[in-house]
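Quick notes on the structure that follows.
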Protein chains: 2
Amino acid sequence: MKLLVEPKFDLYVDIITSRAKSRKDVIQLQWGELAAKPPKKISEFFLEGYAKGKVRYTAPHGDLELREAIKEKLRRKNKIDADIDNIIVTTGGTAAINFVFRIIAGDGGYIIIQDPSWFGYTGIANYVGAKTIRVSEIKYGYEEFKRVYDEIRGKGGEVRGIVLNYPSNPTGHVFDVDTMKEALDFAEDYDVLLISDEAYEDYVFEGEHVSIGSIKGIEKVLSVFTLSKTYAFTGLRIGYAVGAKEIIDAMATAQVHTYISPPALNQYVAMKILRENLDRPFVEENLKLLRSNLKIVKEFIHENSWEIIEPKGGIYAFIRLPRIKSPDFALKLLEEKKVAVAPGVDFGDKWVDWIRITIAKSEDEIIEGLKRMRELYLEEIKPPCC
Amino acid sequence: MKLLVEPKFDLYVDIITSRAKSRKDVIQLQWGELAAKPPKKISEFFLEGYAKGKVRYTAPHGDLELREAIKEKLRRKNKIDADIDNIIVTTGGTAAINFVFRIIAGDGGYIIIQDPSWFGYTGIANYVGAKTIRVSEIKYGYEEFKRVYDEIRGKGGEVRGIVLNYPSNPTGHVFDVDTMKEALDFAEDYDVLLISDEAYEDYVFEGEHVSIGSIKGIEKVLSVFTLSKTYAFTGLRIGYAVGAKEIIDAMATAQVHTYISPPALNQYVAMKILRENLDRPFVEENLKLLRSNLKIVKEFIHENSWEIIEPKGGIYAFIRLPRIKSPDFALKLLEEKKVAVAPGVDFGDKWVDWIRITIAKSEDEIIEGLKRMRELYLEEIKPPCC
């Protein structure tokens, strides 16, 4: 029988993870999960919700009480003004991205994504029948969008959406307000949807996170958030999106046909987490670690004449080790030095001599990982002469 | 912007539910959730799992310990012999159905479904780009499959899969072993996949549930199970599927691109539930209620010269009220008599004068619901003469 989805994972980071996972002696810097455990208090919310009978399907848009808590959080933290009707709860932010890609571009439409960008976007797009086109994230703006839009139209295609992921995975890029305004203008002029992926909203190193949905309303914006990163609780699988009612309603239809509704008790727990503002002390603690680790990474890179795209937020460092071939280097690093990293090519073909490491681990692991990377680098890359 | 998924719910049962949901005075017989609360002990498993740190993403196929518990359950309860590699955990059984439809028929291939059948199949198929064709469930067998297969091929289409849902929603139909063998033979001869939806495996009124996967191996079968119905815990959103490794691997890829992995703590809880065999006493209690309610329903129907397709299992009664138009009747029943039911047309166009009610409610609610249905029926359907 012909299968229409290829039963394989073709990312190098998956290969590296599957080789590294059962080995306790490997320093695992390849994924972006915070090392911290989520706040202990959260376990009480499960008991409470269970006792209250939060064990059934919820409405297709998600539990009403949770959506009210989200509305309040969006107003308070993101300065996004939305009604309950503009909000949907999903099984992690990923499901929201899957649904919106399917809804606006599942017939082969194009979505502009950042270069480099999280590999999930291309995987999801491909799965739902959409196409992606990469645009350098530092070139994001009206003129560049227009150029790409015309180029795609010239080939008979249509640009339907633009992803803005900030702080980004892998570089930690943050868009400034002027760029966001240009994106909003372009979205209006050319009827495309801005998909604002704000999974790392809490991890901004300087100043405050600014949501694009706070600038000119949400008519042309679908903003996606998650509790996964803020609370180091990726296993909760609760995310949410805010946008125009007709898109939110279509996403609810998609949700019903995919898994009916997100898990009920998890939605109750998410509601309690948001209501009790558990985030600040927990996030501050993590931010302290990230800032301190980033400083170490930057110093190390400077000493070794490597290169870094300085992250303005997020939980990664995207690093250039001149002249390496990243998949080979990463595989060798795992085998010979017992350090797992994500090869740059997973984030775009041209990032051959780049790798991504997480900075959300202990200082000791980061330092030891970097030292071993240098060892291999010096063995592999002989000086240009002699 | 053109949306490729229509932002609406076109089932009558959804309209009825949305009108009924906020009204405490309505007897709600339209959905199939068991009235019983899931076992209290389950809440302890959440605490335990949280303390053990089950809060991260799991592998794309699901948590390994849970898959081991599932393997054991399949062997013990379903007599299905499977390896870990043949098992995937999904966010409810619905996600498994969504993934397999997408994988085998997402390019416009056909899936044979029962007539009548759960409305989810057509909704899911339409969403993932597959088509469905209805075959009377009492005609299921080699010859009928061949006839439909040829008919579709004659129109340039391809049959890729056959759904067997037993006990079925809405009729409680159960396939006998001879029919299952014919389906297996047909699947081999014509390279189609049998999708065995066994969500109601625990609610069989006579004898034992026989899984099609126990007859001739799982090479041509993808069997889908869920914890939702067995434990009255639809909100847990944990289901699983067992089948050929290449299909399970493709489903894992689909899962990653849809929501990464099912919620971790929920998977831990599912593992504990399966390991501790919490099902028997809980299921026996529910079965007692279902059998007793079914007796009441059958007597009532007999007295009123209505008709029932006698269920051999499941949690519904599918009832014919001669000469009604089911959507209008159901809407009027809600407005005037405050009883919510699911109109027959939601389960197939030809079931116009049928309705589905749940039998998983209290005896009092069922009796009062039936009485009010009769009141309206007598008001609406005047005798043929005078």
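The sequence lines fix the lettering, A, B, ..., with proteins before strands; numbering per chain opens at 1.
- We find the CD-OG1 distance between A/E6 and B/T253 to be 9.0 Å, quoted to the nearest 0.5 Å.
- When each of A/I248, A/I247, A/I103, A/I104 is scored by its heavy-atom pairs under 4.5 Å with chain B, the top score falls to A/I103.
- Contact annotation for B/L64: neither backbone nor side-chain heavy atoms come within less than 4.5 Å of a heavy atom of chain A.
- Checked against ring pair (Phe, Tyr, Trp, His ring centres under 6.0 Å), A/Y149 has the following partners two or more places apart in sequence or in another chain: A/F186, A/Y190.
- Note that CG of B/N98 is 4.5 Å distant from OG1 of A/T258, once rounded to the nearest 0.5 Å.
- Contacts between A/K40 and chain B at a heavy-atom distance below 4.5 Å involve the backbone alone (N, CA, C, O).
- You'll find the side chain of B/E48 stays beyond 4.5 Å of the side chain of A/S43, heavy atoms only.
- Using cut-offs of 30° and 60° on the angle between ring planes, the pair A/Y50 and B/F233 is perpendicular.
- Top candidate by heavy-atom pairs under 4.5 Å with chain A, chosen from B/T94, B/D107, B/N126, B/T234, is B/T234.
- In this structure, the portions of B/D191 lying under 4.5 Å from any heavy atom of chain A include both its backbone and its side chain.
- Residue-environment remark: OH (A/Y127) exceeds the threshold of 12 foreign heavy atoms within 6.0 Å.
- Heavy atoms of A/I42 lying under 4.5 Å from chain B belong to its backbone as well as its side chain.
- Residue contact with chain A, scored on non-hydrogen atoms closer than 4.5 Å, involves the backbone of B/A51 exclusively.
- Among B/G106, B/G123, B/A59, the residue making the largest number of heavy-atom pairs under 4.5 Å with chain A is B/G123.
- Checked against ring pair (Phe, Tyr, Trp, His ring centres under 6.0 Å), B/Y231 has no partners two or more places apart in sequence or in another chain.
- Separation of atoms CD (B/E158) and NZ (A/K2) is listed at 8.0 Å; rounding is to 0.5 Å.
- Atom-to-atom distance recorded for A/I97:CD1 and B/H257:NE2 is 13.0 Å, nearest 0.5 angstrom.
- When all heavy atoms are compared, the tightest approach of A/L47 to B/L47 is CD1-CD1, 3.6 Å.
- Residues A/R102 and B/V5 meet the side-chain proximity criterion, which asks for heavy atoms closer than 4.5 Å.
- For the options A/T91, A/N266, A/V55, heavy-atom pairs under 4.5 Å to chain B are most numerous at A/V55.
- Of all the heavy atoms in A/R56 and B/P38, the pair that sits closest is NH1-CD, 4.3 Å.
- Separating the CG atom in B/L193 from the CE atom in A/M1 is a distance of 5.5 Å, to the nearest 0.5 Å.
- Classified by interplanar angle (parallel below 30°, tilted 30° to 60°, perpendicular above 60°), the ring pair B/Y259/A/Y259 is perpendicular.
- Listed here is the closest heavy atom pair of B/P263 and A/L236: CB-O, 3.9 Å.
- When heavy atoms are compared at a cutoff of 4.5 Å, B/A105 approaches chain A solely by way of its backbone atoms N, CA, C and O.
- Put simply, the side chain of B/I260 reaches to within 4.5 Å of the side chain of A/R237, judged on heavy atoms.
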